[in-house]
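To start, the structure under review is shown below, and the notes come after it.
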Amino acid sequence: MPRREEIIVGLDIGTTRVAAVVGEVGDDGIDIIGVGTAASSGLAKGVVVNIDATVASIRRAIEEAAQMAGCQIDSVYVGIGGGHIMALNSHGMHAVKGREIREPDVAGVLENSKAIHIPGDREIIHVLPQEFIVDQQDGIRDPVGMSGVRLEAKVHVVTALVTSVENIVKCCNRCGLSVAGLVLQPLASAEAVLHEDEKELGVCLVDIGGGTTDLALYHGSAIVHTVVLPVGGHQLTADIAFGVRTPRSEAERLKQKSGCAMISMIGDDETIDVPSVGGRSGRTLPRKLLGEILEPRVEEILQLIHKSIESAGYEDLLGSGIVLTGGTSLLEGIVELGEHILGVPVRRSMPRGVGGMADVVRSPAFSTGVGLVLYGARQAGAAAKPTKRWGDWLRELFE
């Protein structure tokens, strides 16, 4: 059985389902050793609205993942999203002691960057460095070891409602889990699907889930804009259910199996079998009817994405275009429609950078879960780094 400190667990609590992904950190990288999923009924648009239902879903997913991995799970990295997420760019300054910048100086300038006014019902969950400035020299990514007397940092600050954070933590605690970290969902997804050259050139990650659409925009390898839009795959399912008069569960099945975001990609002779409600007999309808229902709604979501990027002022910085992920990105035709609406290259992406049971999580629906594991592993490595550095310093001192 793997040692506890070698295990990183990502818990993606989504509107449609809860996914738990277990990763084992080894010398050759991270291997996925367990996956558990459960239908989610306690969330609406990414926010917990029913504690008991959410706890039940988390418990089922965790038990399945633990059984598959053959280990006990007691700590998780949890993704957080929802329309309550707000982000802004900030700036901090720190006076360097000793003229050489060390880890405590970096921690100090990031802490000073938090000195912004936020409402009392919100809390900061991330302070993400964009660039450092040493004695007016900008464009520095890692200032440790440099000489200077004034260290500044430009950062991206992400905040969330205190009550929403508390409800997520409470649900995990009721399942016997401690929360090792709360991670913004698009930030986690970016860990799993984006390439470094895309981040450098400029890219927008669009994670389309069941209840929300999450955006994370990178330029110069730094995150410069994040936003959560309160629309997602559930709207598509609801439109189908109403448009063809079928139960929501059957509408979801039709969307996944036969849905298409572009009418022009559907043949005139293609048909679908649609169950009816109230015990009525099923019907056979042209598949183009699904396209007529889905295309306007997907176009609306893409227009909202375009408007968000445009209003933030980053429309001309997307050298690498748009990367789609999340369960709804599996919809046929969404990439083609995205390129038509957004006017930039669009690709669909799935998790990468892991081994083991990689085939099990090779789907855009697992991007956040795998990203949480990668994020947790990186945080664990960063936490161990200062200890080693101070140990080396003490050894050299005594020698």
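Below, each value reflects all heavy atoms present in this structure, side chains not excepted, and no hydrogens, waters or symmetry copies. Being a predicted model, the structure only gives us computed values, none of them experimental.
- By the 4.0 Å N-to-carboxylate-O rule, Arg362 lies close enough to Asp359 to be salt-bridged with it.
- Applying the side chain to side chain contact (heavy atoms under 4.5 Å, CB included) criterion to Ala312, with sequence neighbours excluded, gives His225, Tyr314.
- Identified under the side chain to side chain donor-acceptor pair (under 3.5 Å) test for residues 303-313, with sequence neighbours left out: His306-Glu315.
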Inset, instruction - Step by step, work out the salt bridge (Lys or Arg N to Asp or Glu O under 4.0 Å) result for Asp52 and Arg174. - result: CA-CA 9 Å; Asp52 292 337; Arg174 286 195 182 182; 3.5 Å; yes
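- A salt bridge is defined here as a Lys NZ or Arg NE, NH1 or NH2 lying under 4.0 Å from an Asp or Glu carboxylate O, and Arg150 with Glu152 meets this definition.
- Donor-acceptor pairing under 3.5 Å is recorded for the side chains of Ser276 and Arg283.
- Looking only at atom types and distance, the side chain of Ser349 has a donor-acceptor partner in the side chain of Arg347 under 3.5 Å away.
- At a cut-off of 3.5 Å, with distance as the only test, a side-chain donor of Ser221 or Glu200 sits close to an acceptor on the other residue.
- A donor and an acceptor atom, one from each side chain of Ser189 and Ser367, are nowhere located under 3.5 Å apart.
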Inset, instruction - Report the C-alpha distance between Asp214 and Val206 in whole Å, list the side-chain angles of each, state the deciding distance to 0.1 Å, and finish with yes or no for side chain to side chain contact (heavy atoms under 4.5 Å, CB included). - result: CA-CA 6 Å; Asp214 306 331; Val206 179; over 6 Å; no
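- Using a 4.5 Å cut-off between side-chain heavy atoms of Ile, Leu, Val, Met, Phe, Trp and Tyr, with links allowed through other members, Tyr77 and Ile223 fall into the same hydrophobic cluster.
- Inspection of the Asp207 and Thr368 side chains reveals an N or O donor paired with an N or O acceptor under 3.5 Å.
- Checked by atom type, the side-chain pair Arg17/Thr37 shows no donor-acceptor distance below 3.5 Å.
- Within the structure, the side chain to side chain donor-acceptor pair (under 3.5 Å) test picks out the following pairs touching residues 229-239 (sequence neighbours left out): Thr16-His234, Thr237-Glu252, Thr237-Lys255, Asp239-Arg297.
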